[in-house]
Amino acid sequence: MDRDRIETVTLRWLRRLVIAGFLLVTVLPFYYMLVLSVRPIERLLLDPGALLVPFGELTVATYAEVLKSVEEGGQGFLTFIRNSGIVAVSATLLTLLVAIPGAYAVSRLRFFGRRQVNFLFLAVYLFPSIVIAIPLFVVFTRAGLRGSLLGLVLVYISQTLPVSVYMLKNYFETIPVSLEESAAIDGAGRLGIIRRVSLPLAAPSIMAVALYDFMIAWNEFFFALLFLVDKPNRWTVSLGLSLLSDGVEVPKTVLMAGSVLLTLPIVILFFASERLLTEGLTSGAEKG
């Protein structure tokens, strides 16, 4: 074997080893969490490190306890999932409703302060969440929105909107202006150009931004704790999971079942839209 052949084979096996290592580090914790969530607590105490569990030992009683309402002796996660779904979907849709025309305007229209606006979109992330948490808490309390899901949706929009506009702007700039000019020659107005030309071409990027916004709203904990701590019936999944982790009387198998319910929707969405997500996140990286 010559030198080039040896290097090619070595790099090929190194790549496989690196991929296998990343898969092990990524998949093993989730797999162990899944195993813990379907084991009886008495069997877990006898053999906590078991990764392979007999089929007859598996149980879904932990999930039943997590999903049942508090009145029925459960943890009420069905209500938490509903609240998280309402908040995440609403925040995602409202963010896109504002971000799409905003990103198009920044990428196509010429106006005073256009370059400064690009900086302001990301300037909000220069400050930690705790800095804006207190002013938002005061404002929302006076407006009567503290403790409501609507208030939480508005807070999430303020967090996701700037980066959504920035990401979509980069993609709109890659769409050839000549396509829009051709549509304008055919008699299409500005809204018609956006609806018939720009939006179909920007669909991968829009889906990527939507998934990004949904994941932020679904997993967020700090603002949910700040605004909903005194309203247990309006808690989100992340907030409900913190209740399980703080409870000494709650078995760890039930805690793991709650963790699976928090993680599984995001995992399913990611793998279902992996190709679209990758295409959308890398769009706008090159121009030409």
Side-chain angles (χ1 to χ4, degrees), residues 84-127 129 132 136 139-140 145 149-177 179-180 183 188-220 222-224 227 236 265-266 269-270 272-287:
S84 288
I86 293 174
V87 170
V89 172
S90 300
T92 301
L93 293 178
L94 291 176
T95 297
L96 292 179
L97 186 64
V98 179
I100 291 174
Y104 183 86
V106 173
S107 64
R108 286 291 189 260
L109 304 182
R110 298 295 180 265
F111 53 89
F112 177 76
R114 179 172 175 268
R115 292 186 177 181
Q116 288 73 15
V117 168
N118 291 334
F119 168 76
L120 292 176
F121 282 142
L122 298 180
V124 64
Y125 294 102
L126 297 177
F127 305 96
S129 299
I132 63 174
L136 285 175
V139 171
F140 277 60
L145 293 175
L149 296 181
L150 175 60
L152 193 60
V153 168
L154 295 177
V155 172
Y156 290 164
I157 292 175
S158 68
Q159 297 294 302
T160 58
L161 183 59
V163 71
S164 299
V165 173
Y166 186 81
M167 293 171 63
L168 289 174
K169 175 190 75 71
N170 291 336
Y171 190 85
F172 280 128
E173 289 178 347
T174 64
I175 299 176
V177 180
L179 295 177
E180 298 183 357
R190 178 66 69 178
L191 293 178
I193 292 173
I194 296 175
R195 181 169 59 87
R196 299 177 182 177
V197 179
S198 301
L199 288 184
L201 293 175
S205 184
I206 292 174
M207 285 300 301
V209 171
L211 287 172
Y212 172 80
D213 295 339
F214 183 88
M215 287 188 290
I216 288 180
W218 180 271
N219 292 321
E220 202 281 330
F222 176 71
F223 286 109
F227 286 90
T236 58
I266 300 300
L269 280 176
F270 179 82
S273 309
E274 180 184 3
R275 182 186 60 83
L276 198 59
L277 180 62
T278 303
E279 181 180 351
L281 289 176
T282 56
S283 62
E286 297 181 0
K287 296 183 180 180

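Here the structure is a predicted model, which means the values were calculated and not measured. In this chain, residues are counted from 1 in sequence order.
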Side chain proximity check, [X] to [Y], heavy atoms < 4.5 angstrom:
{"X": "Ile132", "Y": "Phe223", "result": "yes"}
{"X": "Tyr171", "Y": "Val209", "result": "no"}
{"X": "Phe172", "Y": "Ile194", "result": "no"}
{"X": "Phe227", "Y": "Leu136", "result": "yes"}
{"X": "Glu220", "Y": "Gln159", "result": "no"}

Any idea which heavy atoms bring [X] and [Y] closest together, and the distance?
{"X": "Val165", "Y": "Gly102", "result": "CG1-C, 4.2 Å"}
{"X": "Ala217", "Y": "Ala88", "result": "CB-CA, 3.6 Å"}
{"X": "Thr236", "Y": "Ala224", "result": "OG1-CB, 3.7 Å"}
{"X": "Arg195", "Y": "Pro200", "result": "O-CD, 3.4 Å"}
{"X": "Val87", "Y": "Leu149", "result": "CG2-CD2, 3.8 Å"}

Can you tell me how far the [atom1] atom of [X] sits from the [atom2] atom of [Y], to the nearest 0.5 Å?
{"X": "Ile216", "Y": "Ile266", "atom1": "CD1", "atom2": "CD1", "answer": "10.5 Å"}
{"X": "Leu152", "Y": "Ile86", "atom1": "CG", "atom2": "CD1", "answer": "11.5 Å"}
{"X": "Ile100", "Y": "Ile206", "atom1": "CD1", "atom2": "CD1", "answer": "4.0 Å"}
{"X": "Leu94", "Y": "Thr160", "atom1": "CG", "atom2": "OG1", "answer": "9.5 Å"}

**OP:** Using the ring of Tyr166 (Phe, Tyr or Trp, six-membered ring only), decide whether Lys169 places NZ or CZ under 6.0 Å from its centre and within 45 degrees of its axis.
**Re:** yes

Subject >> side-chain hydrogen bond (donor to acceptor under 3.5 Å, both in side chains) partners of Thr92, counting only residues at least two apart >> reply: none

**OP:** May I have the step-by-step check of side-chain contact (heavy atoms from CB on, under 4.5 Å) for Ile157 and Val98, ending in yes or no?
**Re:** CA-CA 10 Å; Ile157 292 175; Val98 179; 5.9 Å; no

Subject >> Test item: side-chain donor near acceptor, Ser164 and Thr95, under 3.5 Å >> reply: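 On atom types as modelled, these side chains do not qualify, holding no pair under 3.5 Å.
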
Subject >> Derivation and outcome, side-chain contact (heavy atoms from CB on, under 4.5 Å), residues Glu180 and Leu201 >> reply: CA-CA 11 Å; Glu180 298 183 357; Leu201 293 175; over 6 Å; no

Subject >> Set of residues satisfying side chain to side chain contact (heavy atoms under 4.5 Å, CB included) with respect to Val89, sequence neighbours excluded >> reply: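 Scan of Val89 (side chain to side chain contact (heavy atoms under 4.5 Å, CB included), adjacent residues dropped) gives Leu93, Phe214.
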
